[in-house]
Amino acid sequence: MRLDGPVAEVAPSLLGGVLRANGVAVRLTEVEAYAGDTDPGSHAFRGRTPRNDVMFGPPGRAYVYFSYGMHWCLNVVCGPEGLASAVLLRAGAVVDGHDLARARRPGAADRDLARGPARLTRALAVNGDHNGVDLLDPSSAVTLTGPDLAVAGPVRTGPRVGVGGAGAATPWRFWLAGDPTVSTYRPAAVRRRSVPS
DNA sequence: CTACCGATATTCT
DNA sequence: GAATATCGGTAGA
């Protein structure tokens, strides 16, 4: 597996790969690419902060961040080191540890267990403690292994979820065509203003 | 199935 | 104060 190339090429190459953590494994079906230097949608675009620090480190590390005050999202840092690019792991199909995953996601249908970035981290029990771990080290708590077979299936691309502005024009969301575990598209939401006083 | 909305950390203005 | 790489519950078609 190669993570040091252009992020737009690395991202689709991860589809079909297997992510394993805490007794559950998923086959990746949906990812998004974020380039740190040129991409307004990237957390790293405006520079280094305590939150995005690991994005500036070596490739193969996990970048885990807390979103909307409630959810964890997991990224794979891509190289070369210093570019601060990453691939957001958006969805997958559970291939091992179904009972554990179901216990962590009460009431969810099997295909919904890891259908969405925050659902995926919940099914795998990934949180901020895993920020910065080396996904390529088999002894890590979270590991990522490349697709075993050459091709997992046809790949489709489209706009990224929740990214507005100039970044919306870049079709850097990649998923396996027809896979039922790909998350439903939610356009960048118009949200109601904060509580009126 | 779609549409709306609340919860709320981190960062930017 | 406002925006954001979201989700689950609820309401309605």
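Convention: sequence-line order gives letters A, B, ...; per-chain numbering from 1.
In this structure, the ring of Tyr34(A) has its center no less than 6.0 angstrom from the ring center of Trp172(A).
Regarding contacts with the backbone of dC7(C), every side-chain N or O of Arg115(A) stays at 4.0 angstrom or more from both OP1 and OP2. Considering only side-chain N and O atoms, Arg105(A) lies under 4.0 angstrom from the phosphate OP1 or OP2 of dG8(C). For the pair Arg119(A) and dG8(C), the criterion of a side-chain N or O lying under 4.0 Å from OP1 or OP2 is met.
Atom NE2 of His43(A) and atom P of dA3(C) are 16 Å apart (whole Å). Between the CE atom of Met55(A) and the P atom of dA5(C) there is a distance of 11 Å, rounded to whole Å. Rounded to an integer number of Å, the gap from NE2 of His71(A) to P of dG6(B) is 15 Å. We find that OH of Tyr68(A) is positioned 16 Å from P of dC5(B), with the value rounded to whole Å. With rounding to whole Å, Asp39(A) atom CG is found 14 Å from dT4(C) atom P. Put simply, CH2 on Trp72(A) is 20 Å from P on dA7(B), counting in whole angstrom units. Rounded to an integer number of Å, the gap from Phe45(A) CZ to dA5(C) C1' is 15 Å. To the nearest angstrom, C1' of dA5(C) lies 9 Å from OH of Tyr63(A).
Residues Arg160(A) and Glu32(A) are not paired through a salt bridge, judged by the lack of any N-O separation under 4.0 Å between the basic side chain and the carboxylate. A salt bridge is absent between Arg51(A) and Asp53(A): the closest approach of a Lys/Arg side-chain nitrogen to an acidic carboxylate oxygen does not fall below 4.0 angstrom. Of the charged side-chain nitrogens involved, none lies within less than 4.0 Å of a carboxylate oxygen, so that Arg105(A) and Asp110(A) do not count as a salt-bridged pair.
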* To do: Test Cys78(A) against Val87(A) for side-chain contact (heavy atoms from CB on, under 4.5 Å), laying out the working first.
  => CA-CA 7 Å; Cys78(A) 297; Val87(A) 175; 3.6 Å; yes
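Although no hydrogens or angles enter the test, the distance criterion places a donor-acceptor pair under 3.5 Å between the side chain of Asn52(A) and the main chain of Thr49(A). Here the side chain of Asn22(A) pairs a donor or acceptor atom with the backbone of Leu124(A) at under 3.5 angstrom.
Comparing dT6(C), dA7(B), dC1(B) against the side chain of Ala118(A) picks out dT6(C) as the nearest.
Pairing each heavy atom of Thr181(A) with each of Gly92(A), the nearest pair is CB-O, 3.6 Å. Shortest non-hydrogen contact noted between Val24(A) and Arg104(A) is CG2-NH1, 3.4 Å.
Contact of Tyr65(A) with dA5(C) (side chain to base): a donor-acceptor pair of N or O atoms is detected under 3.5 Å.
Spacing of P atoms, dA5(C) relative to dT13(B), comes out at 14 Å, to the nearest Å. Between dG9(C) and dA9(B), the two C1' atoms lie 22 Å apart (nearest whole Å).
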With 3.5 Å as the limit, what N/O pairs link the protein to nucleotides 11-13 of chain B?
{"unit_1": "dT11(B)", "atom_1": "OP1", "unit_2": "Thr49(A)", "atom_2": "OG1", "d": "3.0"}
{"unit_1": "dT11(B)", "atom_1": "OP1", "unit_2": "Arg51(A)", "atom_2": "N", "d": "2.9"}

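Around the CZ atom of Arg156(A), the shell of radius 6.0 Å holds no more than 12 heavy atoms that belong to other residues, nucleotides or ligands.
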* Structure fact -> Intra- and inter-strand pairing of DNA chain B, written as dot-bracket with Watson-Crick and G-U pairs under 3.5 Å and | for the latter, reads |||||||.||||.
